[in-house]
> 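Next up is a structure, given as structure tokens.
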Amino acid sequence: MLATHIEAESRYESFRRMAREAIHKELPYGDSKNIRLSEISQNVLIFSKAWAADANRKVDWPWSEGYKSYAFRYPNRFELATWYGNSLVGLSLGRPSYAGTRLRLEFIEASPSHNPLRGRIVPITISVAELYANIIGASELRIIDPIDKKLIDYYSSFGYRYCDARAESNHKHYLVKVLL
Amino acid sequence: MTDKKSNQPFTPADIKRLAKKIISENPIFIPDEPTTVGSPDNLTDEPEEPDNERPTKKEPERSKK
């Protein structure tokens, strides 16, 4: 690995950590002390393997293999692991666009079963992603393929705008918020 | 990517203020939250070309009467 790559990884991880820590301090929940926000470490990837055997899981994507190549390719990526106590309950990935003017939040997955943070994984993830986008100088956050209509309606009432598939060159629909 | 803005680092106070603002302006709970948003397929999209990076225009605010 080149020294410049290592330097970039370290630099952007410091930005990700800033975003995680600052949002965690402001979480408005009574049980916030049980919530932990972390990077996606080797330990996280080991925990993620338990999801693969869960019959309720909606996707068949191996975090342990998929994450490594994504992380290597995009040192400036957004990533978040969300914990409740000792349970891994959420994972997410995204990346800035080519020129860094926008952050794409590409995939959020919550623990398929027994998730004490159900209802809070997406709000926490999007809040950390918004702060990370601000820190790296992106002027908008796009949630790619939001899929769920209730989610679209909900976020549309909180300053996000829905754009259909024709609006993006690669034909993905998304929710977008212009950041300050 | 260009690091125009990130070369001007936020102070800890800026970060704290932004975090407070973000939390206050976003939902803190979503009823019937889906277990996935987006898709792993998005992770393999080719990066957008710079020419396609026209920032989304902010909705014009209506003038107050």
Side-chain angles (χ1 to χ4, degrees), chain A residues 15 18 22-23 25-29 56-59 61 66 70 76 93 96-102 104-112 115 118-123 126-127 130-131 134-137 139-140 143-148 150-151 154-155 158-159 161 163 169-170 172 176 178, chain B:
Chain A
F15 294 151
M18 277 182 215
I23 291 295
K25 281 180 188 163
E26 303 301 329
L27 291 177
Y29 311 120
N56 293 321
R57 195 175 185 215
K58 295 278 196 306
V59 293
W61 189 71
Y70 188 84
N76 58 356
L93 284 173
S97 54
Y98 186 85
T101 59
R102 62 178 74 120
R104 293 162 50 98
L105 186 51
E106 298 180 318
F107 184 40
I108 304 173
E109 184 174 11
S111 172
N115 188 344
R118 177 118 198 260
R120 296 184 279 175
I121 295 288
V122 173
I126 290 176
S127 295
E130 272 193 33
L131 185 52
N134 273 286
I135 291 171
I136 63 172
S139 57
E140 65 179 54
I143 304 166
I144 308 294
D145 272 344
I147 300 174
D148 187 271
K150 281 184 190 166
L151 185 89
Y154 208 59
Y155 269 90
F158 280 90
R161 187 158 59 84
C163 295
S169 57
N170 59 2
K172 295 284 170 73
V176 60
V178 177
Chain B
M1 69 182 271
T2 56
D3 280 348
K4 206 171 188 179
K5 286 188 187 174
S6 55
N7 282 337
Q8 303 165 349
F10 286 97
T11 65
D14 292 334
I15 304 271
K16 186 179 171 66
R17 179 182 52 78
L18 267 171
K20 273 186 190 297
K21 183 173 183 297
I22 288 166
I23 291 290
S24 69
E25 291 180 353
N26 276 312
I28 59 168
F29 184 85
I30 299 181
D32 302 321
E33 183 184 64
T35 55
T36 61
V37 175
S39 159
D41 295 342
N42 297 332
L43 303 170
T44 52
D45 285 348
E46 283 305 307
E48 298 163 66
E49 293 299 319
D51 288 346
N52 292 334
E53 288 207 29
R54 286 175 302 165
T56 305
K57 286 182 182 170
K58 201 167 188 174
E59 294 285 319
E61 289 182 22
R62 292 185 183 180
S63 59
K64 291 176 186 172
K65 289 186 180 175

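Labels below follow one simple rule: chain letters A, B, ... track the order of the sequence lines, proteins then strands, and each chain is numbered from 1.
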> Going from OG on S39(B) to NZ on K172(A), what distance comes out if it is rounded to the nearest 0.5 angstrom?
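If I round to the nearest 0.5 Å, the distance is 6.5 Å.
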> Using side-chain heavy atoms (C-beta onward) and a distance below 4.5 Å, is V37(B) in contact with D148(A)?
no
> Is any side-chain heavy atom of P123(A) closer than 4.5 Å to a side-chain heavy atom of I30(B)?
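In contact.
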> Most heavy-atom pairs under 4.5 angstrom with chain A, which of I23(B), I15(B), I28(B)?
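Result: the option with the highest number of such pairs is I28(B).
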> Let me know if S24(B) has heavy atoms under 4.5 Å from chain A in its side chain, its backbone, both or neither.
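Nothing of S24(B), per the 4.5 Å heavy-atom cut-off to chain A.
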> Which bit of L151(A) is near chain B, if near means a heavy-atom gap under 4.5 Å: side chain, backbone, both or neither?
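For L151(A), side-chain heavy atoms alone lie under 4.5 Å from chain B.
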> Between D45(B) and R104(A), is a side chain to side chain contact (heavy atoms under 4.5 Å, CB included) present by the stated rule, with each step listed?
CA-CA 11 Å; D45(B) 285 348; R104(A) 293 162 50 98; 2.9 Å; yes
> L43(B) versus W61(A): any side-chain heavy-atom pair under 4.5 Å?
yes
> Measure distances from I143(A) to the heavy atoms of chain B and classify the residue's part below 4.5 Å as side chain, backbone, both or neither.
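When you check distances to chain B, only side chain atoms of I143(A) fall under 4.5 Å.
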> Would you call N26(B) and Y155(A) a side-chain contact if the rule is heavy atoms closer than 4.5 Å?
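Result yes, sub-4.5 Å side-chain heavy-atom pair found.
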> Answer with side chain, backbone, both or neither: which region of I147(A) has an atom nearer than 4.5 Å to a non-hydrogen atom of chain B?
side chain
> About how many Å separate CG of L131(A) and NZ of K16(B), when rounded to the nearest 0.5 Å?
12.5 Å
> So how far is it from S127(A) OG to K21(B) NZ, rounded to the nearest 0.5 Å?
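That separation rounds to 12.0 Å.
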> With sequence neighbours excluded, what pairs up with F158(A) under the ring pair (Phe, Tyr, Trp, His ring centres under 6.0 Å) test?
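Applying ring pair (Phe, Tyr, Trp, His ring centres under 6.0 Å) to F158(A) gives Y154(A).
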> Which atom names give the shortest non-hydrogen contact between F29(B) and R118(A), and what distance separates them?
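That closest heavy-atom pairing would be CE1-O, 3.5 Å.
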> Which pairs with one or both residues in residues 27-36 of chain B pass side-chain hydrogen bond (donor to acceptor under 3.5 Å, both in side chains), sequence neighbours excluded?
K150(A)-D32(B)
> Just so I understand: if I count every heavy-atom pair under 4.5 Å between each of P12(B), P27(B), P34(B), P31(B) and chain A, which residue has the most?
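Greatest number of close heavy-atom pairs with chain A: P27(B).
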> Output the option from P112(A), A110(A), G119(A), A22(A) having the highest count of non-hydrogen pairs under 4.5 Å with chain B.
G119(A)
> Quick check on the interface: out of I126(A), I121(A), N56(A), who has the most heavy-atom pairs with chain B under 4.5 Å?
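The option with the most such pairs is I121(A).
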> Does any N or O in the side chain of D145(A) come within less than 3.5 Å of the main-chain N or O of G38(B), such that one atom is a donor and the other an acceptor?
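It does not hold such a pair.
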> Quick one: are I135(A) and L18(B) in side-chain contact, heavy atoms under 4.5 Å?
no
